[in-house]
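Throughout, protein chains are lettered first and strands after them, A, B, ... in sequence-line order, and every chain is numbered starting at 1.
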Protein chains: 2
Amino acid sequence: MGRKRLQESTDGRPTVHTVAARAGVSIASASRVLNGVGGSAETVRKVRAAAAEVGYVPNAIARSLQAQRTGLVALAVEDIGNPVYVAMMRAIEAVVAASGRQLLVHATGGQIASETSLLRRLANRYVDGMILSPIRVTDDHLAALVQSPVPVVVVGQLGADAPVDNVRTDSRHGVALAVDHLVGAGRRRIGFVNGPLDTVPGAARDAGFRAALDRHGIDHDEALVEVGDFQYAAGRAAAERLLARARPDALVCANDLIAVGALHALLAAGHRVPEDVAVVGMDDTELAQMMFPQLSSVSLGSAERGRRAAELLLTRIADPSLPPRREQVPPSLAVRASSRAAVPAPRPSTEEVSREREE
Amino acid sequence: MGRKRLQESTDGRPTVHTVAARAGVSIASASRVLNGVGGSAETVRKVRAAAAEVGYVPNAIARSLQAQRTGLVALAVEDIGNPVYVAMMRAIEAVVAASGRQLLVHATGGQIASETSLLRRLANRYVDGMILSPIRVTDDHLAALVQSPVPVVVVGQLGADAPVDNVRTDSRHGVALAVDHLVGAGRRRIGFVNGPLDTVPGAARDAGFRAALDRHGIDHDEALVEVGDFQYAAGRAAAERLLARARPDALVCANDLIAVGALHALLAAGHRVPEDVAVVGMDDTELAQMMFPQLSSVSLGSAERGRRAAELLLTRIADPSLPPRREQVPPSLAVRASSRAAVPAPRPSTEEVSREREE
DNA sequence: TTGTAAGCGTTATCAC
DNA sequence: GTGATAACGCTTACAA
């Protein structure tokens, strides 16, 4: 530039210089007063008056450059349209806002490249930290994570010994809750509509489903298992494929979007829910309660995980030297109409593992 | 501070100085090469090598301070959980990302104070522009809007002559499409579940509903009109109140969340949809197609409005001297199962006003 | 308490 | 083409 220092910013808006000149004090005094530190009564009065007169608003960028922090925190999730992320985001936003920061939301579409590029871009210091909820985890992720110059908290499973702050749940156990509930209600031909097996949650839920069947001594019938995407349309299509070749008396779905799709497929095909086929979703989102019949769903504590992730992030920003921490939120089952009605039970049905919710 | 200028940034990360020193050139040369402007072949080589060796990433804040722009654009909506805003946000994000910027999302909860404070905070220059979709518009809004030092585009109705870029739809006409469709199908006892009347959309939809009834010569029966909130739970409760005192043969709902709530209330009360009661929502969100039966819904072109708003904003950022612009997106009706089945029509039913969508 | 001036990390100007 | 340096707007160490 080389332009002479003026009293107004480039675009004509007032700066500390404007205020200082108007108040007849130095920019240092003006800045101090505006930040509420120091200043004689008279100086405070003059500066406040001058600032009000010119409508001074501090420039956040200049302040960030000086302070080496932006007051922004990023959240990166796969799909902003999935209500489970909306719930998580709301919880995060509450914590972040309470600390005087703002939340920047990224939708990654689950793309590895998009997520790692986001991680690397952190190096430009545009945000003070990031919460990442990846559905696939690669070596690239891990490398970018440990090298990140900015604090990152991961929501979801991560390699056992990755030195990264991490909030997880036990979705294997979550699936077990669903299967136990259905078996306890006398269901035996339990189908499973999952998301992609090459995702972390997809793999965990598949393992959980098979382990639960084993525990109950139920044979695996591959005709009762179908895989799609973690979306409504894919879930519905997957359920339709499954129903075309098998006759389940219950469907466990890997998330609520899939469950809603499965419910639609069942009702459209003339099946009664829950009389003919019970349905249990996962994530226990708002969507589950909007359906008719209301969907039973395994809560994976998404709001709670979000809240904790935000707290981990804030404490790490405050003290980057903390050791890596790991927290776990237990799943729980919300039983609703979609799986409540009784099939004549061959034996007395077991107690609910977890809380029940009424409509 | 007063500390001597070092070659590393405060937190030990490389800066242009680091790269320049390592390459044996001035920071000016280093900066030029890093920005791809000028530099001899030899200089370019040395600087690139040095940057790669130390893992240099430019500091976005410093760059913003110098460039007087942040590359961030804000979007402020009432409720990030409402799928209509998800659709709008996706459309905006696409345009914004294509311009190399990022989107910062604010949820205002529809609070006037929250929105005006957001508008005033724009003065701190943290974003290059904002898209605001208010559901209530006050004088405070208008004052903050016209005084904003940063470009703002409003999605939604605004005072006729407010000198602000604005993208709107005609929700009165939207409601008319719904009523015409239902009347054409032989429905006469048409109920209306609206959001708050002190909101811009609530007032417009109420006016549209009454005008449409008038046009068809149908008496206003206040027992068939109920008001709640633009949310699922409130919509369901409002529909329950309405059903407790009246026997509609159709329900027009002021948005899809309300429609989903009304559908739930109807089914839970044992009414058949659409045989007994037809349901038409508004916004034509993903939710409408997830329901069983699928919901007819009036599209207000939210994605299109988002896209256009983003384009208006980008052009205004590029040229702030443009005159205020106003764009309008027409509504259209998507007829689905929730209003399709025939009631014995007393006269031949009219043609659809708009496109039909199949399941 | 106050003012001077350095410095945050970058880009741009200007003289060589 | 290159280097020295000012400038973006702010906070703060230091000396007065």
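- Across B/H141 and B/T116, no two heavy atoms sit closer than the pair N-CG2, 4.0 Å.
- For the pair B/S26 and D/dG3, the criterion of a side-chain N or O lying under 4.0 Å from OP1 or OP2 is met.
- Atom C1' of nucleotide C/dT11 and atom CG of A/N124 are separated by 16 Å, given to the nearest angstrom.
- Following rounding to the nearest Å, A/K46 (NZ) and C/dT1 (P) show an atom-to-atom distance of 15 Å.
- For A/S9, the side-chain atoms get nearest to D/dG9 when compared with the rest of C/dC14, D/dG9, C/dA5.
- Distance CD (B/Q66) to P (D/dC10): 15 Å, rounded to an integer number of Å.
- The side-chain hydrogen bond (donor to acceptor under 3.5 Å, both in side chains) check on B/Q328 picks up nothing, with sequence neighbours excluded.
- Atom-to-atom, CG of A/L34 to P of C/dT2 comes out at 13 Å; the value is rounded to the nearest Å.
- Nearest to the side chain of A/N35, among D/dT11, D/dG9, D/dG3, sits D/dT11.
- For DNA chain C, the residues of residues 53-65 of chain A within the heavy-atom distance limit of 4.0 Å (strictly under) are A/L65, sorted by number.
- Rounded to a whole Å, the CZ atom of A/R69 is 18 Å from the C1' atom of C/dG9.
- Rounded to whole Å, atom P of D/dC10 lies 12 Å from atom CD of A/E8.
- The base of C/dG9 does not come close enough to the side chain of B/R13 for any donor and acceptor atom to sit less than 3.5 Å apart.
- Summarising the geometry, the separation between CZ on A/R125 and C1' on C/dT10 is reported as 15 Å, rounded to the nearest angstrom.
- Here the nucleotide nearest the side chain of A/T43, chosen from C/dT1, C/dG9, D/dT12, is C/dT1.
- A salt bridge links B/E53 to B/R22: one of the charged nitrogens lies within less than 4.0 Å of a carboxylate oxygen.
- For B/S64, the side-chain hydrogen bond (donor to acceptor under 3.5 Å, both in side chains) partners two or more places apart in sequence, or in a different chain, are A/Y126.
- Closest to the side chain of A/S29, from the set C/dT11, C/dG3, D/dG3, is C/dG3.
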Item to check | Criterion side chain to side chain donor-acceptor pair (under 3.5 Å) on B/D319 and B/S321, from CA distance to verdict | outcome: CA-CA 5 Å; B/D319 180 2; B/S321 72; 2.6 Å; yes

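- When every heavy atom of A/R325 is checked against every heavy atom of A/L322, the shortest pair comes out as NH1-CD1, 3.6 Å.
- Between B/Q68 and B/E42, the one whose closest nucleotide on DNA chain D sits nearer the 5' end is B/E42.
- Using a 4.0 Å heavy-atom distance criterion, B/S40 is classed as a sugar-phosphate-only contact.
- A straight line from CZ of A/R32 to P of C/dT4 spans 11 Å, rounded to a whole angstrom.
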Item to check | From CA spacing to verdict: side chain to side chain donor-acceptor pair (under 3.5 Å), B/T43, B/S40 | outcome: CA-CA 5 Å; B/T43 304; B/S40 69; 2.9 Å; yes

